[in-house]
Asks: 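Structure provided below as structure tokens; questions to follow.
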Amino acid sequence: KLQFLYLIGGRVAMPSEGFDLEAFAARYPGGGLKIQRLLHVARNAPSPALCEAAWRAAVEEVKQTLAVKQYVELVEDRADVDVDHDWVDDAKKRAASELSVLENSFGVANASRTGDEKRVALRELGRHYRRRGDTATAAKYFFRMRDCTTKGADVLEMCLEVIAVGIEARSWSMVNQHCARAEQNRLHPLERDKVAFGQVCIARALFLVGSGKYKAAALRLLTIPPELGDAAADVLPATHIATYAALLALASFSRAELKAKFIDTTPFRAYLEQAPELLEVVHDFYHSRYACLKVLDLMTGKLHLDLFLSAHATALHNTIRERALQQYTTPYLAVDMNVMAAAFQMPLDELEEALAQIILKGGIPARIDSDRKVLHRRGDNVVRATFEDVLGAGRQLIVDTEDHLRRISMSHARFEYKGDRDADDNDAQWSGGANWMQWK
């Protein structure tokens with residue numbers, strides 16, 4: 001498959017050979033998101049041949065829908081491709097005929113004032129416009145379903161339709177709003193429907209990734225129940241769920257969190273079993289076997305062709321690598337960079353450059369001896385800290401000793417405190433020998 005070379009600083013070289021476009025397209029069911037994925041590959045693929053193949057696959061996929069406007073825009077941008085006017089005319093006729101039937105159904109339902117019939121008619125109209133690529137109009141019909149919902153399940157259905165069209169239109173505020181509405185649906189708790197719960201978790205995670213909240217997104221993905229499977233394959237297939245969760249966890253979880261919330265999690269293991277190489281990478285990272293970063297190097301280029309992670313691929317990769325370098329140097333005051341380079345299986349000069357960048361950002365408090373190729377951590381002065389701890393313990397010992405001596409002296413003088421421990425000083429009573437000292 002694709003082989004990618006990662007270079008320090010986020011530069012990725014992507015050779016052209018080996019990308020199986022047919023297998024890539026087969027992962028996703030048809031629809032607007034599949035078209036967007038193919039067009040994303042066409043715009044970002046490393047070779048003209050792959051760009052051309054992806055573009056033609058996207059055009060063929062558009063012709064499986066009623067998105068006439070999108071088809072014409074795609075073809076008119078190319079001087080070497082003619083518009084298929086026969087398909088355009090046929091698609092327009094089919095769209096007009098289907099719309100006429102749906103509008104008549106809506107008119108009948110609206111006249112009968114039956115809420116369920118009207119809701120179904122609005123839903124079908126929204127789906128019709130979504131097939132035509134008009135997500136704005138589709139969203140308006142889905143919004144109108146709110147006025148016809150009386151059951152909790154109907155509210156959930158409306159939220160899922162809006163979320164789906166919102167993801168396709170990249171309207172993340174709308175997606176987030178209706179995820180919250182689905183989660184707060186008391187008439188039909190989301191947890192009852194495992195598939196719907198998983199779909200909402202995916203949508204919320206994508207919103208969080210777009211906001212740069214990688215840890216929160218990883219936690220969301222890890223709550224996806226195994227019952228979801230590939231039911232949301234148009235947005236994220238099961239293998240993608242595992243990939244996203246693993247990368248986000250590596251970039252944001254501490255070692256303890258990685259162990260407790262990812263490696264040892266039982267429900268999510270069903271997804272990890274579909275991507276065993278990723279589970280092995282996480283295990284190696286946790287056990288400080290950093291040769292696993294080579295696998296991440298290969299994945300980084302692939303992620304640049306991913307519809308949702310492409311904008312974050314380099315940042316995630318650099319963050320994971322920086323965390324690995326920090327984790328390696330933490331236990332030591334001095335590190336031989338030759339040994340470290342061998343552990344990370346990377347050239348010494350690239351390792352030195354990467355460490356220098358992390359030091360400049362304050363990630364590792366250290367300095368580099370370039371002549372001897374040794375990294376020296378700037379830790380606290382251990383001798384001084386120990387000396388100050390001993391002095392502090394001595395001062396506390398003096399205070400405690402004086403307190404005990406004072407109590408002994410009061411006991412020998414037959415002084416006795418008769419007040420309640422919780423009483424105010426004004427209510428305390430002291431007695432000593434035959435004489436009483438008393439405050440009231």
Side-chain angles (χ1 to χ4, degrees), residues 215-216 219 249-264 285-290 319-344 351-352 354-440:
K215 185 173 184 178
L219 292 173
L250 288 172
S252 58
F253 283 5
S254 65
R255 292 191 72 206
E257 290 173 330
L258 200 62
K259 173 70 172 173
K261 298 179 179 179
F262 190 92
I263 296 175
D264 292 342
F285 188 92
Y286 175 77
H287 292 291
S288 302
R289 297 190 289 264
Y290 298 114
T319 301
I320 294 170
R321 180 173 289 274
E322 288 177 7
R323 290 171 70 89
L325 295 172
Q326 292 170 344
Q327 186 171 293
Y328 184 95
T329 61
T330 296
Y332 308 108
L333 292 176
V335 179
D336 187 337
M337 291 195 298
N338 290 289
V339 177
M340 190 174 179
F344 280 85
L351 174 65
E352 184 174 352
L355 289 171
Q357 292 177 5
I358 299 174
I359 291 171
L360 289 175
K361 292 190 292 185
I364 301 177
R367 58 184 177 83
I368 295 176
D369 185 342
S370 296
D371 293 332
R372 299 172 58 192
K373 300 301 180 184
V374 176
L375 180 140
H376 298 276
R377 288 186 65 91
R378 292 195 184 99
D380 296 332
N381 191 321
V382 179
V383 176
R384 181 182 179 87
T386 304
F387 184 71
E388 290 179 352
D389 289 343
V390 171
L391 285 179
R395 296 189 189 99
Q396 186 62 41
L397 177 62
I398 293 173
V399 172
D400 293 342
T401 302
E402 290 178 346
D403 184 55
H404 285 297
L405 291 173
R406 189 176 300 109
R407 290 177 181 274
I408 293 171
S409 298
M410 292 173 65
S411 177
H412 286 170
R414 298 176 65 189
F415 270 76
E416 182 180 356
Y417 180 72
K418 290 189 175 183
D420 187 3
R421 284 182 178 271
D422 297 330
D424 295 336
D425 288 342
N426 293 334
D427 297 330
Q429 293 183 352
W430 289 84
S431 64
N435 299 319
W436 286 84
M437 297 178 63
Q438 182 172 330
W439 296 274
K440 286 189 177 179

Asks: If you define the side chain from C-beta out and look only at heavy atoms, does anything of Leu355 sit under 4.5 Å from Met340?
Replies: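 Of all side-chain heavy-atom pairs linking Met340 with Leu355, at least one is under 4.5 Å.
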Asks: On a heavy-atom basis, which atom in Lys215 and which in Ser252 lie closest, and how many Å separate them?
Replies: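 Heavy atoms of Lys215 and Ser252 come nearest at CA-OG, 3.3 Å.
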Asks: When rounded to the nearest 0.5 angstrom, what distance separates CD1 in Ile359 from CD in Gln326?
Replies: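 Between atom CD1 of Ile359 and atom CD of Gln326 there are 10.5 Å.
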Asks: What heavy-atom pair brings Leu250 and Arg323 nearest, and what distance separates the two atoms?
Replies: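 Looking at all heavy atoms of both residues, the shortest contact is O-NE, 3.2 Å.
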Asks: Determine yes or no for a side-chain-to-main-chain donor-acceptor pair under 3.5 angstrom, with Arg377 supplying the side chain and Pro365 the backbone.
Replies: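 Not confirmed, Arg377 side chain does not pair with Pro365 backbone.
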Asks: In Å, rounded to the nearest 0.5 Å, how long is the span from CZ of Arg406 to OG1 of Thr401?
Replies: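 If we round to the nearest 0.5 Å, Arg406:CZ and Thr401:OG1 are 11.0 Å apart.
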Asks: What orientation do Tyr290 and Phe285 show, parallel under 30°, tilted 30 to 60°, or perpendicular over 60°?
Replies: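 Rings of Tyr290 and Phe285: perpendicular, as their planes differ by over 60°.
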Asks: At their closest point, which heavy atom of Thr319 faces which heavy atom of Ala251, and how far apart are they?
Replies: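 It is CG2-O, 3.3 Å.
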Asks: Enter the distance from His287:NE2 to Lys259:NZ here, rounded to the nearest 0.5 Å.
Replies: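 Between atom NE2 of His287 and atom NZ of Lys259 there are 6.0 Å.
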Asks: Tell me, please, which residues at least two apart from Arg289 pass salt bridge (Lys or Arg N to Asp or Glu O under 4.0 Å).
Replies: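 Once residues adjacent in sequence are excluded, the partners of Arg289 under the salt bridge (Lys or Arg N to Asp or Glu O under 4.0 Å) criterion are Asp284.
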Asks: Considering non-hydrogen atoms only, spot the tightest contact between Ala341 and Leu351 and give its length.
Replies: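 Result for this residue pair: N-CD2, 3.4 Å.
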Asks: Can you name the nearest heavy-atom pair linking Ala354 to Leu325, along with the distance?
Replies: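 Distance-wise, the nearest heavy atoms are CB-CD1, 4.0 Å.
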Asks: List the atom of Leu219, the atom of Phe253, and the distance in Å for their closest heavy-atom pair.
Replies: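 Result for this residue pair: CD2-CZ, 3.6 Å.
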Asks: Do Phe262 and Tyr286 have ring centroids that are under 6.0 Å from one another?
Replies: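 No - the distance between ring centres of Tyr286 and Phe262 does not fall below the 6.0 Å cut-off.
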Asks: Do the charged groups of Asp336 and Lys373 touch, with an N to O distance under 4.0 Å?
Replies: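 No, Asp336 and Lys373 are not salt-bridged.
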Asks: Atom CG in Asp264, atom CG in Leu258: separation rounded to 0.5 Å?
Replies: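 These two atoms lie 9.5 Å from each other.
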Asks: Within the distance-only criterion (no hydrogens, no angle test), does the side chain of Ser411 pair as donor or acceptor with the backbone N or O of Arg407 below 3.5 angstrom?
Replies: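 Absent.
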Asks: Can you tell me how far the CD atom of Gln357 sits from the CD1 atom of Ile364, to the nearest 0.5 Å?
Replies: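 Gln357 CD to Ile364 CD1: 11.5 Å, rounded to 0.5 Å.
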